[in-house]
Structure formats: structure tokens, C-alpha cells
Engineer: 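Take a look at this one; I'll ask things after.
Convention: sequence-line order gives letters A, B, ...; per-chain numbering from 1. Given the structure is predicted, the values throughout are model-derived calculations rather than measurements.
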2 protein chains.
Amino acid sequence: MTKRDELIKTAFELFYLNGVHSVGINQILAETGIAKKTLYTHFASKEVLLEAVIAYRDERFRSWIFGLMSQQSQAEAMVKAMFDGLDDWFNDRVATLMPFQGCFFVKVNAEFLNHRVNELCFEHKQAIVDYLAARLSEHYPEPQANQLANQLALLKEGAIAQAYLGKDRQAAKLAWNMAKPLMKPAD
Amino acid sequence: MTKRDELIKTAFELFYLNGVHSVGINQILAETGIAKKTLYTHFASKEVLLEAVIAYRDERFRSWIFGLMSQQSQAEAMVKAMFDGLDDWFNDRVATLMPFQGCFFVKVNAEFLNHRVNELCFEHKQAIVDYLAARLSEHYPEPQANQLANQLALLKEGAIAQAYLGKDRQAAKLAWNMAKPLMKPAD
DNA sequence: AACAAAGTAGACAAATCGGTCTACCTATAA
DNA sequence: TTATAGGTAGACCGATTTGTCTACTTTGTT
């Protein structure tokens with residue numbers, strides 16, 4: 001792992017747990033044992049580092065969840081794979097992600113206003129809705145496929161919120177119980 | 001309005017928009033025109049001020065939404081009142097709240113870890129689930145009433161998340177569409 | 001009238017922030 | 001061999017942070 005990757009990974013862990021503004025550059029350096037100059041040769045500023053961290057988490061999260069969903073060809077099985085994946089995440093059975101501490105993008109988004117990172121966080125969420133809509137459009141006519149994608153995205157966000165702040169680690173199962181009847185009409 | 005209340009209100013507005021750690025004490029003082037010493041006679045620290053701000057928002061939000069829900073005696077009408085209220089909130093038709101910028105408690109919670117404010121944010125969310133469960137227990141047997149309360153809370157959190165980060169101001173309507181069939185079994 | 005509480009204005013301290021810089025040390029590739 | 005890139009250690013800068021303090025003024029109550 002390059003120094004650059006080490007910095008991104010450690011910065012993500014600290015940002016995810018404590019928030020972006022609570023974590024100083026010096027804390028990241030102390031944790032990694034990397035010199036300050038090295039950080040600033042790879043990243044022009046803390047903000048640029050944060051953008052790289054967002055891209056890192058985005059890639060990791062999406063390839064994980066899309067990997068699960070892409071293994072299923074049927075619409076209902078695909079959606080179930082998503083909620084089963086969330087259930088694994090909430091209960092710390094996903095090694096590739098960190099121990100569950102809510103949604104990183106929701107957290108980062110909360111600390112900024114009218115900022116570039118807000119757009120990056122939005123794009124992550126939008127990418128998931130887009131994937132859902134694209135997959136569902138093979139099994140449902142429009143505009144049902146699109147509406148269903150939005151319903152499922154709402155259930156997914158609700159599950160994450162309830163699992164984290166609501167401390168309900170079973171929230172993914174509850175969400176799937178509500179999602180299942182929505183899938184019935186077609187498929 | 002006392003100086004103390006002015007400080008709480010302005011601090012809330014700034015924290016809500018920009019995040020707690022992004023807003024300095026001096027910024028709150030400049031906005032209110034109040035002297036620094038006055039702030040520290042009312043609040044021992046920024047943290048104590050934040051706790052007062054959380055209590056302020058908690059009281060405002062709960063009395064608003066419970067006020068809407070308590071006007072309805074039927075279970076379905078009560079729940080619809082909640083989602084109608086959320087729809088008004090998302091679309092800035094609620095004067096008593098601020099222009100919609102997501103959930104304050106979710107945002108504050110994101111900036112802290114293993115901290116007293118995390119507990120206060122949790123308590124706010126729990127109070128709403130508790131109210132829902134109590135009202136529903138008059139119309140549904142246990143454990144259905146309790147499960148329904150958790151389902152509705154998940155839909156509410158999902159709607160807030162989608163309305164804010166997902167930029168879907170119609171999310172409350174979508175959530176109510178999913179909530180409505182859940183109410184049918186009894187009532 | 002007098003006293004206590006609450007207010008203002010702002011200097012100040014100590015710590016921390018992001019970011020720059022110097023001086024030196026590898027490692028690799030031309 | 002030698003140049004170039006990437007690395008370390010850490011002093012340093014200016015700005016900003018929370019919080020304290022002094023000196024003075026206003027306000028309300030007894």
C-alpha cells in the first residue's frame with residue numbers, strides 16, 4: 001500500500017468515526033506515522049484529501065453492494081440481496097467495510113453547506129438510485145420502475161438511519177419486509 | 001426574548017446550517033451582538049450551549065409534530081397527519097421550524113462519538129417512536145402496534161434523508177404511500 | 001437611594017488549526 | 001554515477017479556537 005493510500009484509508013477511518021472537522025491533519029499523520037510534507041505532496045489541502053477519501057469510500061461501497069446485487073437476475077432477488085447486504089453491514093459481517101457507524105456520506109454532508117463535497121455525496125446516493133432504476137427497468141414498465149427505485153432508496157436510507165441513530169440493528173430486515181410487497185405487481 | 005434565548009436560537013440556526021464544529025463562539029456573538037462574557041455567564045462552555053440548543057430544537061420539533069398528530073383520533077389519520085407535516089416541513093411551509101436542511105439531530109450526531117450529545121439525539125428519536133407506539137397501541141394489539149411504530153419511524157427517517165441529501169421534496173408523499181397499506185389490517 | 005445582577009467591549013492567554021519550509025535521507029532509473 | 005522523486009523530522013507561521021479577565025455601564029428591586 002502506497003503512502004497515499006495509507007493516508008486515505010486512515011483519514012477515512014478517523015473522519016468516519018469522529019467527523020471531518022474534529023479530526024486534524026496532525027492526528028492523521030500521527031496515526032499513520034507519515035511526515036507532513038509527504039501528505040502535502042500528494043494532496044494540496046485537507047479538502048483535497050477529503051475529496052479523495054469520499055471517492056475511496058464511494059468506490060468501496062458501490063463495488064460491494066453492486067457486486068451483491070449483480071449476482072441476481074430476478075428483480076426481487078436483486079433487491080433482497082441489497083437488504084441482506086445492509087443487514088450484514090449493520091451487524092459487522094462485512095470485512096471490506098468498516099464497523100458500522102452509519103452512512104459516511106450522510107455524515108460528511110452534514111458538516112458542509114453549498115460545498116463541493118455536498119455534490120460528491122449527492123452523486124454517491126444518486127448512483128445507487130440510478131443502478132436500481134436501471135436494473136428494475138428490465139422487469140417493470142416506466143414509470144413504475146423509477147418510482148420503485150425511489151421507494152427502495154427511501155427504505156434503504158431509513159434502514160441506515162434507524163440502524164445507526166435508532167440503534168436498531170434489525171432495521172434492514174424491517175425494511176425488506178416493507179419492500180417485498182412493493183415488488184409483487186410484476187416480475 | 002432574553003439574551004439566553006437569543007443565543008440559543010442563533011446558535012441553533014448556525015449549527016443547523018453549517019455544523020457545530022464549523023461555527024465558532026465568536027460567530028454566534030457577532031450574529032447576536034451579545035458580549036462574550038454574557039454567553040459564559042449563561043453557559044459554562046460551548047458544549048453546554050449545544051446541549052441547550054438540542055433541548056430547544058427537541059421541544060420545538062416535538063410540540064409541532066405531536067400537535068399535528070394529537071388532533072387526530074383515528075390511527076390512519078394520525079399517521080397521515082405526521083407525513084403531511086413532514087411534507088409541509090420539506091417544502092418550507094412550517095414557520096415554526098427553520099427552512100428545511102435535513103434533521104438537526106442526525107447532523108449533530110454525525111459530529112460526535114461516545115458523547116453526551118449522542119445520547120440526547122437518540123432520546124429525541126426515541127421519544128417519537130414512543131409516542132407513535134403509545135398512540136397505535138390504542139388501535140392495534142401488541143406486538144403489531146410496536147412493530148408498526150418502528151416501520152413508520154423507518155419511513156419517516158427515510159423520507160427526511162431522501163428529501164435532504166436525495167433532494168426529493170416529494171419524499172414524504174412517497175413515504176405515506178408506503179405507510180398507508182401498513183395501517184389497513186386493523187383500525 | 002443603593003445595591004446586586006446582568007450587560008458591554010474587548011484585550012488577552014493557551015492551545016490548536018492548516019499549511020510552508022529547511023535540511024537531510026533513501027531508492028530507483030537513466 | 002548521478003539526477004530525480006519521494007520520503008522523514010520537525011521548526012515555524014499566521015490565523016483561529018475556546019475561554020478568562022478587567023473595567024465600565026445599565027437595569028431592576030428592595
Side-chain angles (χ1 to χ4, degrees), chain A residues 1-56 104 107-118 120, chain B residues 1-56 104 107-118 120:
Chain A
M1 191 159 52
T2 68
K3 299 285 174 181
R4 189 191 138 93
D5 291 341
E6 273 186 66
L7 287 165
I8 290 174
K9 191 188 172 195
T10 298
F12 165 70
E13 292 175 3
L14 293 173
F15 289 165
Y16 186 37
L17 289 177
N18 304 104
V20 176
H21 291 301
S22 299
V23 175
I25 240 66
N26 293 319
Q27 192 179 344
I28 298 169
L29 298 175
E31 188 80 18
T32 56
I34 292 175
K36 189 175 279 196
K37 176 134 200 208
T38 302
L39 189 153
Y40 281 98
T41 60
H42 288 297
F43 307 100
S45 65
K46 184 185 181 183
E47 211 174 284
V48 172
L49 170 61
L50 174 58
E51 290 176 15
V53 167
I54 291 172
Y56 162 82
F104 179 64
K107 287 180 156 192
V108 169
N109 192 64
E111 291 196 65
F112 295 87
L113 184 70
N114 300 330
H115 194 283
R116 174 159 165 68
V117 304
N118 296 112
L120 296 175
Chain B
M1 191 161 50
T2 68
K3 300 286 173 181
R4 189 191 139 94
D5 291 342
E6 274 186 67
L7 287 165
I8 290 174
K9 190 187 172 195
T10 298
F12 165 71
E13 293 174 5
L14 293 173
F15 289 165
Y16 186 37
L17 290 177
N18 304 105
V20 175
H21 291 299
S22 299
V23 175
I25 239 68
N26 292 319
Q27 191 179 343
I28 298 169
L29 297 175
E31 188 80 18
T32 55
I34 293 174
K36 187 174 281 195
K37 174 131 202 215
T38 303
L39 189 152
Y40 281 97
T41 60
H42 289 296
F43 308 100
S45 65
K46 185 186 180 182
E47 212 173 283
V48 172
L49 170 61
L50 173 59
E51 289 175 16
V53 168
I54 290 172
Y56 161 81
F104 178 64
K107 287 179 155 192
V108 169
N109 193 64
E111 291 196 66
F112 296 87
L113 184 71
N114 298 332
H115 193 284
R116 173 158 165 71
V117 304
N118 296 112
L120 296 175

Engineer: For the pair made of NZ in A:K3 and C1' in C:dT26, what is the distance, rounded to whole Å?
Structural biologist: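 Roughly 12 Å, once rounded to whole Å.
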Engineer: Separation of A:L39 atom CG from D:dT8 atom C1', in whole Å?
Structural biologist: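 Computing the A:L39:CG to D:dT8:C1' distance gives 14 Å.
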Engineer: Rounded to whole angstrom units, what separation is found between the CD1 atom of B:I28 and the P atom of D:dT16?
Structural biologist: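 Going from B:I28 (CD1) to D:dT16 (P), I get 17 Å.
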Engineer: So, the side chain of B:E31 versus the backbone of B:T10: is there a donor-acceptor pair under 3.5 Å, distance only?
Structural biologist: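 Checked: no pair found.
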Engineer: With a sphere of 6.0 Å drawn around CD of B:Q27, does it hold more than 12 non-hydrogen atoms of other residues, nucleotides or ligands?
Structural biologist: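 Enclosed: over 12 neighbouring heavy atoms sit under 6.0 Å from CD of B:Q27.
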Engineer: Write down the distance between CD (B:E6) and P (C:dA6), rounded to a whole number of angstrom.
Structural biologist: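 To the nearest whole Å, that distance equals 16 Å.
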Engineer: Could you state the atom-to-atom distance from NE2 of B:H42 to P of D:dG19 in whole Å?
Structural biologist: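 For the pair B:H42 NE2 and D:dG19 P, the rounded distance is 16 Å.
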Engineer: Side chain of B:K36, backbone of B:I25: donor and acceptor closer than 3.5 Å?
Structural biologist: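 No, B:K36 side chain to B:I25 backbone: no donor-acceptor pair under 3.5 Å.
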Engineer: Given A:F15, which partner from the list A:I54, A:V108, A:L50 fulfils the side chain to side chain contact (heavy atoms under 4.5 Å, CB included) test?
Structural biologist: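 It is A:L50; the other options fail the test.
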Engineer: Hey, is the main chain of B:G19 close enough, under 3.5 Å, to the side chain of B:K107 for a donor-acceptor pair?
Structural biologist: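 Looks like no, no N/O pair under 3.5 Å.
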Engineer: Might you list the N or O atoms of the protein lying below 3.5 Å from N or O atoms in nucleotides 16-19 of chain C, with each pair's distance?
Structural biologist:
from, atom 1, to, atom 2, distance (Å)
C:dG18, OP1, A:K46, NZ, 2.8
C:dG18, OP2, A:I25, N, 2.7
C:dG19, OP2, A:Y40, OH, 3.1
C:dG19, OP2, A:K46, N, 2.7
C:dG19, N7, A:K36, NZ, 3.1
C:dG19, O6, A:K36, NZ, 2.5

Engineer: Hey, can you tell me if A:H21 and A:F112 have their rings parallel, tilted or perpendicular (30° and 60° cut-offs)?
Structural biologist: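 Tilted.
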Engineer: Under 4.0 Å between a side-chain N/O of A:T38 and OP1 or OP2 of D:dT8, yes or no?
Structural biologist: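 Result: yes.
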Engineer: With a 4.0 Å limit, can you tell me whether B:K37 has a side-chain N or O closer than that to the phosphate oxygens OP1/OP2 of D:dG19?
Structural biologist: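 No, outside the criterion.
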Engineer: Please report the distance, rounded to the nearest Å, between CG in A:L29 and C1' in D:dG7.
Structural biologist: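 Distance, rounded to whole Å: 13 Å.
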